[in-house]
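What you see is a predicted model, and the numbers here were worked out from it, not measured in a lab. Both counts, for ligands and for their atoms, begin at 1 and track the order of listing.
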Amino acid sequence: MGWNTLDDMDLDGKIVLTRVDINVPVEDGKVTDATRIERIKPTITDILAKGGKPVMLAHFGRPKGEYVPEMSLRVTVPTLEATLGRPVTFIERPDRATIDAAPADAVILIENTRFSAMEEANDPKMAQFLASLGDVFCNDAFSAAHRAHASTTGVAELLPNCAGRLMAEGLQALEKALGSPERPVVAVVGGAKVSTKLDLLGNLIDKVDVIVIGGGMANTFLAAQGLDVGKSLCEHDLADTARDIADKAAKAGCELLLPRDVVVSAEFKAGAAAQTVMAEDVPADMMILDAGPDSVAHIVQVFARAKTVIWNGPLGAFEIEPFHKATYAAAQDAAAKTKAGDLITVAGGGDTVAALNQAGVADDFTYISSAGGAFLEWMEGKTLPGVAALGG
Ligand code: 3PG
Ligand code: MG
């Protein structure tokens with residue numbers, strides 16, 4: 001791969017500008033999920049161990065080039081300090097002298113890069129300014145690598161650079177799952193809408209052996225086959241597109257697996273009365289909210305002959321009981337097979353990770369990416385600018 005890791009770099013006495021993604025959920029001034037902060041710890045620890053001074057660059061929310069007090073990164077400092085086990089110096093308006101004057105073992109966090117409109121514009125002036133603050137650039141923000149911004153790509157082009165531990169680990173896991181995978185490869189693709197996953201399906205058809213289609217988007221495929229999906233969420237205007245995808249998959253030898261039976265209800269609310277029907281028997285006044293047990297059994301069979309599973313999107317409306325069952329059951333089966341050493345499982349995307357956490361299986365998957373949009377773009381086969389800019 002065309003990028004360095006921290007192992008390739010001499011960091012002794014160097015200021016290491018480290019792009020991290022600590023775009024974490026916050027409620028009432030407190031970080032409610034520290035996963036992204038926990039996952040940058042190996043990089044910060046290793047930079048310190050190599051004698052470098054980490055200066056973290058990060059965005060938070062979408063302030064659109066304005067100072068927005070609620071989007072100050074200051075709110076992350078207590079969690080960063082607790083996770084890293086050391087003080088973190090927060091600098092609102094950075095300059096080289098302040099960074100130089102900080103103790104050699106200091107960890108520094110700079111205020112939200114998106115408070116300047118030059119960040120998202122990837123303005124060379126901002127890239128040059130950032131580069132002037134450090135000696136080496138380390139990008140550990142895979143989940144922001146789909147953005148070509150001053151702190152992700154611009155600065156990388158101006159300094160010796162490398163991937164951080166989380167970035168390197170993520171790229172290796174994804175390469176193993178889709179670049180040069182152990183076959184057969186099964187992709188599980190769910191979520192509400194086909195319209196947001198067209199590029200994804202187009203790319204996967206040529207790369208994987210089976211695509212399990214779940215969630216609301218499966219309804220569009222069922223309707224395109226002439227089935228009546230009642231009041232289900234369905235993009236009827238995409239029927240031709242869905243048929244086209246099915247044709248291309250057939251030609252490429254990629255099997256599309258649609259639900260055989262489905263869980264339907266008259267209303268979408270917790271505890272709603274639900275029944276299981278065959279996909280061709282959906283009552284006109286009901287909506288599909290989950291895949292049924294036969295569908296899950298079919299998925300389990302497909303997993304049994306697979307070597308690799310790559311997962312993006314839930315199979316049903318998992319946030320609301322009783323419509324979580326198919327997602328949980330399929331995830332639990334994939335996790336058990338992973339634990340037994342029979343399957344490599346890689347998952348990413350906000351909803352997917354939430355579903356796997358709720359199902360209690362996240363620790364058993366081979367790799368869970370903390371990226372949302374970047375994971376999707378990577379699955380679409382796109383080059384991520386933040387990765388492409390790491391030229392060593
Ligand atoms: C994310 O939360 O998905 C990343 O931090 C990227 O954020 P963005 O979608 O605002 O660029
Ligand atoms: Mg996002």
(message) Geometry only, no angles: is N23 polar-contacting ligand 1 at N/O separations under 3.5 Å?
(response)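 Indeed, backbone or side chain, N23 has an N or O that close.
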At less than 4.0 angstrom from any non-hydrogen atom of [X], what atoms of ligand 1 do you find?
X: R62; value: 8 (P), 9 (O), 10 (O)
X: R147; value: 8 (P), 9 (O), 11 (O)
X: S143; value: 4 (C), 6 (C)
X: D21; value: 4 (C), 5 (O)

(request) Decide whether L289 and V262 are clustered together by the hydrophobic rule: side chain heavy atoms of Ile, Leu, Val, Met, Phe, Trp, Tyr closer than 4.5 Å, transitively. (result) no
(message) If the condition is ring-ring contact (aromatic ring centres under 6.0 Å, His included), which residues does F365 pass it with, not counting sequence neighbours?
(response) none
(request) Have a look at ligand 1 and work out which part of E120, if any, has a heavy atom under 4.0 Å from it: side chain, backbone, both or neither. (result) neither
(request) Please state which part of R114 comes within less than 4.0 Å of ligand 1, counting heavy atoms only: side chain, backbone, both or neither. (result)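 Under 4.0 Å from ligand 1, R114 contributes side-chain atoms alone.
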(request) Mark the output for A144 as yes if a heavy-atom distance to ligand 1 is under 4.0 Å, and as no if none is. (result) no
(message) For a 4.5 angstrom cut-off between non-hydrogen side-chain atoms, does T18 reach V55?
(response) no
(request) Check whether any side-chain heavy atom of H324 lies under 4.5 Å from a side-chain heavy atom of E319, and answer yes or no. (result)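 No, side chains not in contact.
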(message) Looking at E92 and R74, is there a salt bridge between them, counting it only when a charged N and a carboxylate O are closer than 4.0 Å?
(response) yes
(message) Check the orientation of F268 and F323. Use parallel for under 30°, tilted for 30 to 60°, and perpendicular for over 60°.
(response)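 Tilted: the ring planes of F268 and F323 meet at 30° to 60°.
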